2 protein chains.
Amino acid sequence: MTKTRRRGAELEAAIYQATRDILKSDGLSQLTFSTVADVAGTSKPVLYRRWDSPFSLALAAIQDQIKRENHGRLDEVVLTGTSLREDLFQTLQRFIISMDTFGQTFVSTWLGDLDTNKSNQIQDMITDAKKIDIHAIDRILQRATDRGEIKTPEMSADMKLMPFDWLRYQMFMNEPINNEKLTMLVDDFLMPAYLRHQTL
Amino acid sequence: MTKTRRRGAELEAAIYQATRDILKSDGLSQLTFSTVADVAGTSKPVLYRRWDSPFSLALAAIQDQIKRENHGRLDEVVLTGTSLREDLFQTLQRFIISMDTFGQTFVSTWLGDLDTNKSNQIQDMITDAKKIDIHAIDRILQRATDRGEIKTPEMSADMKLMPFDWLRYQMFMNEPINNEKLTMLVDDFLMPAYLRHQTL
DNA sequence: TCAATAAGAAACTAAAAGTATCTTAAAATC
DNA sequence: GATTTTAAGATACTTTTAGTTTCTTATTGA
């Protein structure tokens with residue numbers, strides 16, 4: 001170890017990066033304070049002083065990356081489509097890009113201990129993500145309403161969330177999402193469902 | 001420990017049950033040979049002799065339960081519907097029941113280390129499950145074709161798999177699947193998509 | 001410059017994972 | 001039934017890992 005010590009934000013960034021590297025290469029089950037300390041070039045007590053478990057550290061590292069690389073919120077994208085279909089395409093393509101940023105590792109970290117419901121923090125993260133997703137679709141539906149494509153933007157949350165749920169599942173399972181697949185999602189499922197919903 | 005020793009299948013069943021109990025109550029991260037041995041009333045060397053890791057044991061215990069409680073394969077259910085819609089309902093309701101059998105714990109075990117792709121066994125399990133799902137929809141589509149509801153049972157695998165993907169995602173996220181939700185899936189997404197596909 | 005803070009090293013403890021040895025119950029064979 | 005084989009189980013032991021403590025000292029702020 002060099003005589004130069006890092007402190008504060010610089011140290012924290014190195015720790016978070018080391019954490020994410022280990023998550024990506026070895027998975028959550030191999031994430032220990034010992035390995036993080038080695039990779040980050042710090043010492044175990046430093047980690048124990050700041051986080052109460054490797055899992056807490058993993059979540060914090062993920063949230064750090066969300067903040068850093070989020071390309072802005074999904075529901076704040078400037079929509080440029082001239083139709084419901086185009087808006088859907090734009091938004092979902094953007095969603096796919098933001099998912100790629102994190103990769104599958106982080107989501108399995110996310111789900112890793114969801115079964116035991118021991119983490120309110122995870123629940124909060126999921127709830128927040130759903131709100132953003134719903135809001136992104138709300139904007140699209142409002143534009144489609146304004147254009148006269150549909151009668152009203154009113155729709156159940158489940159219907160709004162379906163594309164994101166399905167796309168996240170593809171990512172969980174390491175299923176590549178190409179343009180053909182996205183086209184199927186939009187043209188075969190979303191457009192008929194969203195347009196049909198308005199005729200009832 | 002009593003003087004009576006279990007051997008073979010009886011011992012294995014006790015070990016698998018102990019494993020599943022621990023997975024359910026404590027999650028995969030707390031599954032150790034030590035705790036399994038305690039709960040199953042056996043000794044650690046017995047476990048080390050048969051499985052090379054707690055993870056391998058977890059998978060085997062899950063597969064054991066699949067065999068025991070599968071209520072038969074999804075694609076072998078006797079379909080009694082008189083329409084595409086009814087067949088879809090019957091099959092998906094049955095799918096939901098079979099998912100309930102395992103609960104969310106087992107799925108997070110399933111996904112736990114998927115990111116590292118270190119387990120061909122998991123990949124095989126997923127591939128098998130997809131084949132069964134596709135075949136279940138194939139039967140439904142064939143019946144609908146025979147009834148004249150649609151022109152042909154030809155359809156992409158992604159379209160056939162969509163309901164199962166979405167339902168599995170709901171389960172991953174501990175989202176309850178009530179009848180209203182299933183109705184939305186069938187009536188708003190599946191029926192329009194499957195029927196529309198035939199008009200092209 | 002001095003004081004406060006926290007990073008880092010290293011030793012230590014506790015717990016858990018894994019291994020080795022031996023006994024003996026249960027099953028198979030003669 | 002007696003004997004042999006197999007594998008379950010007990011127990012001790014070794015290794016590894018997780019977590020804690022103590023101390024030094026680099027860095028920052030006053």
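Below, chains carry the letters A, B, ... as their sequence lines are ordered, and counting in each starts from 1. Please read all numbers here as calculations on a predicted model, not as lab measurements.
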5'-most contact on DNA chain D (nearest-nucleotide basis), B:R50 vs A:P45, goes to B:R50
Nearest whole Å is fine: how far is [N] [atom2] from [X] [atom1]?
X	N	atom1	atom2	result
A:D38	C:dA9	CG	C1'	13 Å
A:E10	C:dG8	CD	P	9 Å
A:L31	D:dA18	CG	C1'	13 Å
B:R5	C:dA27	CZ	P	12 Å
B:L47	D:dA10	CG	C1'	14 Å
B:I22	C:dA16	CD1	C1'	14 Å
A:Q30	D:dA18	CD	P	9 Å
A:F33	D:dG19	CZ	C1'	10 Å

Is it the case that the side chains of A:Q65 and A:R68 hold a donor-acceptor pair, with the cut-off being a distance below 3.5 Å and no angle test? no
Side chains of A:K24 and A:T19: closer than 4.5 Å at any heavy-atom pair? no
Would you please indicate if the ring centroids of B:W51 and B:Y16 are separated by under 6.0 Å? yes
Taking atom NZ of B:K181 as the centre, report whether more than 12 heavy atoms of other residues, nucleotides or ligands fall under 6.0 Å from it. yes
Does D:dA10 have its OP1 or OP2 closer than 4.0 Å to a side-chain nitrogen or oxygen of B:S43? no
Has B:T42 got a side-chain N or O lying under 4.0 Å from the OP1 or OP2 atom of D:dG9? yes
Closest-nucleotide mapping onto DNA chain C: is B:R49 or B:D52 further toward the 5' terminus? I mean the 5' end. B:D52
Select from B:R7 and A:K44 the residue whose nearest nucleotide in DNA chain C is closer to the 5' end of that strand. A:K44
